[in-house]
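Just below is one structure, and these are the notes that go with it.
Here, residue 1 is the first one in the sequence, and each next residue gets the next number.
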Amino acid sequence: MTIRNASHAGSWYSDRASRLNDELTKWLGDAQPGEQDGYVFPVKGSKAIVAPHAGYSYSGPPAAWAYKSIDTRGIKRVFILGPSHHVYIDGCALSRCHEYATPLGNLPLDLKTISELRNTGSFSDMDLETDEAEHSIEMHLPYVRKVFEGADIEIVPILVGAIGKEKEKAFGKLLAPFLARDDTFCVVSSDFCHWGTRFQYTFYYPSEPDNSDVSGVRLTRSNTAPLSKDFPIHASIAALDHQAMDILTIPPSTGKEAHDAFAAYLARTKNTICGRHPIGVLLGAVAELEGGARGHEEDAKKAMLKWVRYEQSSECRNINDSSVSYASAFVVF
């Protein structure tokens with residue numbers, strides 16, 4: 001039996017079960033929506049979340065807002081879609097492991113569902129080295145183990161490569177029947193903007209981009225002339241990220257409309273949202289479910305995607321600064 005080691009434990013998050021459990025408990029306890037937010041935790045009928053995957057000192061608190069939303073009742077299977085950071089994949093890849101280790105206890109893989117996916121011929125396989133090197137899926141495992149504490153669940157990890165919109169749509173259509181099952185949940189792993197010269201991304205709005213007249217520029221070490229004291233870099237990053245979040249909010253958009261608009265936004269801004277392709281696969285699945293099984297309108301599902309938390313690792317104020325943004329959402333369909 002092949003077990004994937006918790007390769008980032010002890011560095012990206014604690015490898016001590018008691019400490020890790022205490023941290024997760026605190027962050028989940030701190031995630032408390034107010035009356036003005038219009039929702040309560042857990043969200044009845046929640047089917048998916050979007051949550052970050054950085055080191056827990058950064059992503060742990062905002063991710064808790066997504067995990068607190070999960071209605072765990074009746075869930076037996078959790079898909080985890082994460083972007084590939086270390087290897088190029090023109091598609092999606094499955095794990096060959098039997099279990100994934102976490103400091104809080106191992107998570108068994110749903111080998112039957114993985115076999116069904118493999119038999120479609122649409123997926124490749126990760127080798128163990130790739131599996132253990134990738135953090136985008138692993139950073140969600142302790143949270144999954146925690147919120148489903150005591151529950152008999154299995155996971156379906158899927159590594160999503162650098163695929164275009166049409167492939168995102170195709171994989172979403174393929175996964176839609178699985179995600180539609182009452183006993184299935186989906187975690188989509190993504191950080192948002194990675195800003196700074198070390199990320200080779202310095203897009204900047206010189207003022208609030210609330211109309212079409214405001215265009216973004218690229219700051220450089222030799223040219224920071226566009227930088228406005230009235231609109232600091234961290235405010236520009238927040239505005240840039242919230243443009244994406246607004247596009248991805250369902251309703252008013254449908255899954256298909258959000259997918260089209262998100263692709264156009266990424267082409268225009270090049271925002272370094274590392275989980276853009278897993279998000280695209282989710283949107284493809286939502287669009288398929290909104291259309292109904294095999295086009296039957298009576299089977300169509302109404303979807304909702306709502307953002308519940310946004311944070312930045314630090315506040316950038318000059319070209320030498322850097323930050324990563326974290327956003328959390330829940331999805332109902």
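- The NZ atom of K146 lies 9.0 Å from the CG atom of L20; values are rounded to the nearest 0.5 Å.
- When atom types are taken as modelled, the side chain of T25 and the backbone of N21 share a donor-acceptor pair closer than 3.5 angstrom.
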Practice item. Walk me through it: do H53 and H85 pass the test ring pair (Phe, Tyr, Trp, His ring centres under 6.0 Å)? Key: CA-CA 12 Å; H53 56 235; H85 288 84; 5.2 Å; yes
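- Annotation: D152, atom CG; neighbour count of heavy atoms from other residues, nucleotides and ligands within 6.0 Å does not exceed 12.
- For T249 (side chain) and M245 (main-chain N/O), a donor-acceptor pair under 3.5 Å exists by modelled atom type.
- Within the 4.5 Å cutoff, no side-chain heavy atoms of N5 are placed close to those of Y100.
- Using a cutoff of 4.0 Å between basic side-chain nitrogens and carboxylate oxygens, E116 and K112 are scored as salt-bridged.
- Within the 3.5 Å criterion, the main-chain N or O of H234 finds a donor-acceptor partner in the side chain of Q312.
- The aromatic rings of F231 and Y204 sit tilted relative to each other, their planes meeting at an angle between 30° and 60°.
- Looking at K256 and D260, a side-chain N of the basic residue comes within less than 4.0 Å of a carboxylate O on the acidic one, giving a salt bridge.
- Taking the six-membered ring where the residue is Trp, Y205 and F203 present perpendicular rings, their angle passing 60° and hence far from 30°.
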Review point. Going through the checks in order, is the ring pair (Phe, Tyr, Trp, His ring centres under 6.0 Å) test met by Y310 and H242?
Key: CA-CA 9 Å; Y310 175 79; H242 278 84; 4.6 Å; yes
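- Using a 4.0 Å cut-off between a side-chain N of Lys or Arg and a carboxylate O of Asp or Glu, R118 and D125 qualify as a salt bridge.
- In this structure, Y265 and F262 have parallel ring planes: the angle between them is below the 30° cut-off, well short of the 60° mark.
- Annotation: R218, atom CZ; neighbour count of heavy atoms from other residues, nucleotides and ligands within 6.0 Å is above 12.
- A donor atom on one side chain and an acceptor atom on the other are found under 3.5 Å apart for T130 and D127.
- Note that CD of Q243 and CG of N271 are 9.0 Å apart. Values are rounded to the nearest 0.5 Å.
- A donor atom on one side chain and an acceptor atom on the other are found under 3.5 Å apart for R77 and T184.
- Within 6.0 Å of the CZ atom in R268, the count of heavy atoms belonging to other residues, nucleotides or ligands exceeds 12.
- Note: F171 and F123 have perpendicular aromatic rings, judged against thresholds of 30 and 60 degrees for the angle between ring planes.
- The pair R181-D183 does not count as a salt bridge, with every side-chain nitrogen at least 4.0 angstrom from each carboxylate oxygen.
- Checked against R4 for a salt bridge (charged side-chain N to carboxylate O under 4.0 Å, His left out), the options E129, E99, E138, E132 give a single hit: E138.
- If you run ring pair (Phe, Tyr, Trp, His ring centres under 6.0 Å) between Y143 and each of F148, Y13, W65, Y56, only Y56 comes through.
- By the neighbour-count criterion of 12 heavy atoms within 6.0 Å, atom OH of Y58 is sparsely surrounded, having that number or fewer from other residues, nucleotides or ligands.
- Ion pair K47/D71 not flagged as a salt bridge, since none of the NZ, NE, NH1 or NH2 atoms sits closer than 4.0 Å to an Asp/Glu carboxylate oxygen.
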